[in-house]
Structures are given as structure tokens and as C-alpha cells.
**Q** 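Below you'll find the structure I mean.
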Amino acid sequence: VQLQASGGGLVQAGGSLRLSCAASGGTLGSYVMGWFRQAPGKEREFVAAISRGGVNTFYGDSVKGRFTISRHNGKNTLYLQMNSLKPEDTAVYYCASKSQRQDYNDPDRYDYWGQGTEVTVSS
């Protein structure tokens with residue numbers, strides 16, 4: 001499956017952005033999906049994950065209560081709604097997919113990755 005992330009940009013602190021991840025060459029509903037981010041000089045960080053049917057969601061501590069992951073399997077698209085953005089949310093955001101249910105926060109468990117979309121939050 002190929003993944004294409006979009007929706008990044010420049011936003012002021014306190015603002016919102018919605019990222020999208022379009023899947024092609026496969027059925028999104030077959031995969032657990034996740035969002036990760038990587039800031040310059042830092043390791044890739046788990047942001048959020050969602051089960052195949054969208055019932056179960058998981059969040060990293062730094063985004064809990066501010067970000068919402070969702071999916072529309074009929075449209076083969078994954079979303080990340082980001083509210084109350086902070087300068088420390090500045091990073092390249094990646095969507096990823098995997099077949100196994102376990103270890104949703106471990107990037108090494110994901111099989112396919114999108115190219116990333118850059119989010120910059122100004123103070």
C-alpha cells in the first residue's frame with residue numbers, strides 16, 4: 001500500500017490543522033494506522049494510532065486531549081485533527097500502516113510509511 005500525507009503548514013500557537021493520509025494500492029481497512037512525528041535532531045515520536053475498524057484509538061502523552069485520529073475506510077483515508085497546537089508540535093508528520101495489532105506505538109512495527117508532511121507552529 002502507498003501512503004500520501006498532506007495538510008501540513010504554518011500555523012500560530014493555539015491554532016488547528018487537519019492532516020490527511022490517502023492510501024492507494026491497498027485497502028485501508030486491512031491495516032492498523034498510525035501517525036508519528038519527527039522534529040529536527042530528535043527521534044521519531046509516536047503521536048496516535050487507530051484500529052482497523054476505528055473503534056480503538058491510542059495517543060502519545062504529549063498530544064492526548066488535543067489531537068484526534070480518525071479514519072474513513074470507504075475513502076481509504078486517515079486523518080489527524082490537531083487542536084491547541086504548540087510550538088513543540090513542530091515536526092514532520094508521517095502516517096504509517098501495519099498488519100499486526102500489537103505494539104501500536106513502536107515505529108519499527110509499521111510496514112508502510114508515507115512521505116511526511118511538515119507542520120510548523122509559531123509562537
Side-chain angles (χ1 to χ4, degrees):
V1 63
Q2 290 80 46
L3 303 174
Q4 178 81 30
S6 62
L10 174 64
V11 63
Q12 288 189 330
S16 299
L17 280 175
R18 188 174 84 153
L19 305 184
S20 299
C21 175
S24 60
T27 303
L28 192 75
S30 300
Y31 301 95
V32 172
M33 299 298 297
W35 286 100
F36 291 80
R37 67 187 183 186
Q38 190 164 18
K42 295 188 176 181
E43 293 188 353
R44 193 161 292 192
E45 176 189 9
F46 169 71
V47 174
I50 187 167
S51 59
R52 291 181 184 84
V55 173
N56 298 309
T57 57
F58 311 90
Y59 296 94
D61 289 341
S62 61
V63 306
K64 208 170 290 184
R66 300 187 297 122
F67 290 11
T68 302
I69 188 171
S70 62
R71 65 193 298 162
H72 193 308
N73 288 340
K75 294 183 178 180
N76 256 10
T77 304
L78 173 74
Y79 303 100
L80 183 69
Q81 178 66 44
M82 305 187 296
N83 297 330
S84 302
L85 282 161
K86 304 175 181 180
E88 50 263 44
D89 294 318
T90 295
V92 177
Y93 284 71
Y94 299 89
C95 56
S97 67
K98 69 188 187 79
S99 301
Q100 300 300 316
R101 184 176 56 187
Q102 294 83 3
D103 301 322
Y104 55 85
N105 59 347
D106 183 352
D108 292 336
R109 298 293 187 178
Y110 284 76
D111 304 310
Y112 301 100
W113 291 81
Q115 86 290 358
T117 185
E118 188 167 3
V119 172
T120 303
V121 183
S122 62
S123 56

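The structure presented is a predicted model; accordingly, all values stated were derived computationally and were not measured. Computation of the quantities below employed the complete heavy-atom set of this structure, encompassing side-chain atoms and omitting hydrogens, waters and symmetry-equivalent molecules. Numbering starts at 1 and runs along the sequence shown.
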**Q** How long is the gap from CZ on Arg44 to CG on Asp106, to the nearest 0.5 Å?
**A** 12.0 Å
**Q** Transitively linked via ILVMFWY side-chain contacts under 4.5 Å: Val11 with Leu80?
**A** yes
**Q** Could you tell me if Ser62 and Glu45 have a donor-acceptor pair between their side chains, going purely by distance under 3.5 Å?
**A** yes
**Q** Looking at Lys86 and Asp89, does any basic side-chain N land under 4.0 Å from a carboxylate oxygen?
**A** no
**Q** Can you name the side-chain contact (heavy atoms from CB on, under 4.5 Å) partners of Thr27, sequence neighbours left out?
**A** Ser30
**Q** Considering only heavy atoms from C-beta outward, does the side chain of Val32 approach that of Arg109 to under 4.5 Å?
**A** no
**Q** For Trp113 and Leu3, indicate whether the former's side chain and the latter's backbone hold a donor-acceptor pair under 3.5 Å.
**A** no
**Q** Please write out which residues are connected to Leu10 in a hydrophobic cluster, directly or through intermediates, given that two of Ile, Leu, Val, Met, Phe, Trp, Tyr count as joined at side-chain heavy-atom separations below 4.5 angstrom.
**A** none
**Q** For the side chain of Asn73 and the backbone of Arg52, is there at least one donor-acceptor N/O pair under 3.5 Å apart?
**A** yes
**Q** In the single-linkage hydrophobic clustering (I, L, V, M, F, W, Y; side-chain heavy atoms under 4.5 Å), do Tyr94 and Tyr104 co-cluster?
**A** yes
**Q** Would one find more than 12 heavy atoms of other residues, nucleotides or ligands at under 6.0 Å from atom NZ of Lys64?
**A** yes
**Q** Do you know which two heavy atoms are closest between Asn105 and Phe36, and how far apart they sit?
**A** O-CE2, 3.8 Å
**Q** In Å and rounded to the nearest 0.5 Å, what is the OG1 to CZ distance from Thr57 to Phe67?
**A** 14.0 Å
**Q** Look only at the side chain of Tyr110 and the backbone of Trp35, and say whether a donor-acceptor pair between them is shorter than 3.5 Å.
**A** no
**Q** If you measure from OG1 on Thr68 to CG on Asn83, what distance do you get to the nearest 0.5 Å?
**A** 6.5 Å
**Q** Quick one: does Gln115's side chain have a donor or acceptor within less than 3.5 Å of a partner on Ala5's backbone?
**A** yes
**Q** Between Thr77 and Ser20, which heavy-atom pair has the shortest distance, and what is it?
**A** CG2-CB, 4.3 Å
**Q** Is the closest side-chain heavy-atom distance between Met82 and Arg66 below 4.5 Å?
**A** no
**Q** Set out, in order, the CA-CA distance, both residues' side-chain angles and the distance that settles side chain to side chain contact (heavy atoms under 4.5 Å, CB included) for Arg37 and Val63, then state yes or no.
**A** CA-CA 11 Å; Arg37 67 187 183 186; Val63 306; 3.8 Å; yes
**Q** Please check if atom CD in Gln100 has more than 12 non-hydrogen atoms from other residues, nucleotides or ligands closer than 6.0 Å.
**A** no
**Q** Measure across Met33 and Ser97 and return the closest heavy-atom pair with its distance rounded to 0.1 Å.
**A** SD-CB, 3.3 Å
**Q** Please name the pair of heavy atoms, one in Leu78 and one in Ser70, separated by the smallest distance, quoted to 0.1 Å.
**A** CD1-O, 3.3 Å
**Q** Kindly work out whether a path of hydrophobic side-chain contacts (I/L/V/M/F/W/Y, heavy atoms less than 4.5 Å apart) joins Tyr79 to Ile50.
**A** no
**Q** Give me the atom names and distance for the closest heavy-atom approach of Pro87 to Ser123.
**A** CG-CB, 3.8 Å
**Q** At their closest point, which heavy atom of Phe58 faces which heavy atom of Phe46, and how far apart are they?
**A** O-CZ, 3.7 Å
**Q** When you group the ILVMFWY residues by side-chain heavy-atom contacts below 4.5 Å and let the links chain together, are Ile69 and Val92 in the same group?
**A** no
**Q** Asn76 side chain to Gly26 main-chain N or O, any donor-acceptor pair under 3.5 Å?
**A** yes
**Q** How many angstroms lie between CG in Leu19 and CD in Gln81, if you round to the nearest 0.5 Å?
**A** 9.0 Å
**Q** Output yes when a side-chain donor or acceptor of Arg71 lies under 3.5 Å from a complementary backbone atom of Leu28, and no otherwise.
**A** yes
